[in-house]
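Notes to accompany the following structure.
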Amino acid sequence: MAERVILEEKSYKTVYREGNSIIKEFTPSHPKSNVFNEAYIHTCVEESGVPVPKIQKVMPADGGWALSMEYIHGKTLQQIMDEDPENLDRHLEKLVDIQLEVSAHRIPKLRNTRYKMEEIINGMHEIDASTKYELLQRIHGMKRHTRLCHGDFVPSNVIIREDGSYCILDWAHATSGNAGADAAITYMRFSLEDPVKAEKYLRIYCRRADMAIQYVQSWMPIVAAVELSRHVEEERELLEKWISVAEYQ
Ligand SMILES: Nc1ncnc2c1ncn2[C@@H]1O[C@H](COP(=O)(O)OP(=O)(O)OP(=O)(O)O)[C@@H](O)[C@H]1O
Ligand SMILES: [Mg+2]
């Protein structure tokens, strides 16, 4: 049997490589429906022609459930950026090009981004009723689109093969909706890690997408509230600052 190499360990899952497969093994307390839902979304995207690792199996593992998918040879864009910081702009442009190719796809059977965000925000106890009202109004004011949104489009979720082709990971949060919201999520992720990189990303994205920077920014209170619902303590202060923008407009 092939050796098992652990790539990522989180409280609710372990990601490891075994030969030509990547196994995402979830803890027994992780809902079975979440695992099957991730497999469902991922296979919808796989069938749409977006380059993703092929799902091989959904299987019971150690009292919980696991997904097995094809192992993709290459480097993540995160690794490439870390190894070659001098060419950050070029790598960000690559990230944006790939993101625009994703949002050119439509998979209407995926959950609608706005409904998902509304449901999360409605159920939150971390924000007061007035802020919630403002955020929900803001969502209603957004145009209705049906673009494929990844939901966590960050450099560590993009693998570049040696021949330059790419493959995108982690489809658990994908929805059908506004590309601007997906760009806002990427911008937020960069901002939490490195504000300079975040501003660069936003400028490149908006130029290439021909989208107003203000439009992406108008999604920030919403995507920050959704992120706040995940309760990552280190992120709280910055997220609350973004959410508070909604209260004054
Ligand atoms: N199919 C794959 N082929 C090659 N490497 C992979 C594959 N799936 C995952 N990896 C590697 O493992 C790392 C972690 O995997 P993954 O993105 O699925 O988990 P995660 O980032 O912890 O999930 P999430 O972003 O949902 O919190 C990736 O950044 C990548 O380096
Ligand atoms: Mg990932």
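Here, residue 1 is the first one in the sequence, and each next residue gets the next number. Counting convention: from 1, in listed order, for ligands and their atoms alike.
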Considering all heavy atoms of both residues, which atom of [X] and which atom of [Y] are nearest to each other, and what is their separation?
X: D182; Y: H150; result: OD2-N, 3.0 Å
X: K54; Y: E70; result: N-OE1, 2.7 Å
X: M124; Y: A225; result: CE-O, 3.1 Å

(Q) Please state which option from L169, L7, I22, D152 has its nearest heavy atom closest to atom 30 (C) of ligand 1. (A) L169
Q | Minimum non-hydrogen distance to atom 29 (O) of ligand 1, winning option of C167, A172, S156 | A | S156
Q | Same apolar cluster: I80 and I159, side chain cutoff 4.5 Å | A | no
**Q.** Minimum-distance atom from the Mg ion (ligand 2) among N, O or S atoms of D170
**A.** OD2
Closest protein heavy atom (residue, atom, distance) for [atom]:
atom: atom 31 (O) of ligand 1; result: T76 CG2, 3.4 Å
atom: atom 3 (N) of ligand 1; result: I72 N, 2.9 Å
atom: atom 15 (O) of ligand 1; result: V15 CG1, 4.0 Å
atom: atom 5 (N) of ligand 1; result: I159 CD1, 3.5 Å
atom: atom 1 (N) of ligand 1; result: E70 O, 2.9 Å
atom: atom 21 (O) of ligand 1; result: D170 OD2, 3.3 Å
atom: atom 13 (C) of ligand 1; result: E8 OE1, 4.1 Å
atom: atom 22 (O) of ligand 1; result: K10 NZ, 3.0 Å

Q.
For K24, which part has a heavy atom under 4.0 Å from ligand 1: side chain, backbone, both, or neither?
A. side chain
Q) Should the proximity of K13 to ligand 1, defined as any heavy atom under 4.0 Å, be assigned to the side chain, the backbone, both, or neither? A) side chain
(Q) If the test is side chain to side chain contact (heavy atoms under 4.5 Å, CB included), which one of I121, V223, L135 qualifies with I243? (A) L135
Q) Of all the atoms in N157, is at least one N, O or S atom closer to the Mg ion (ligand 2) than 2.8 Å? A) yes
(Q) Within a 6.0 Å radius of atom CD on E237, are there more than 12 heavy atoms belonging to other residues, nucleotides or ligands? (A) no
Q.
So for atom CG, which belongs to D84, do other residues, nucleotides or ligands contribute more than 12 heavy atoms lying within a distance under 6.0 Å?
A. yes
Q. Is Y166 close to V50 at the side-chain level, that is, under 4.5 Å between some pair of heavy atoms?
A. no
(Q) For Y187 and W242, take the angle between the two ring planes, folded into 0 to 90°, and tell me which bin it lands in: parallel under 30, tilted 30 to 60, perpendicular over 60. (A) tilted
Q) In terms of side-chain geometry, is the basic nitrogen of E3 or R17 positioned less than 4.0 Å from the acidic oxygen of its partner? A) no
Q: Would you mind listing which atoms of ligand 1 come within a distance below 4.0 Å of any non-hydrogen atom of P53?
A: 1 (N)
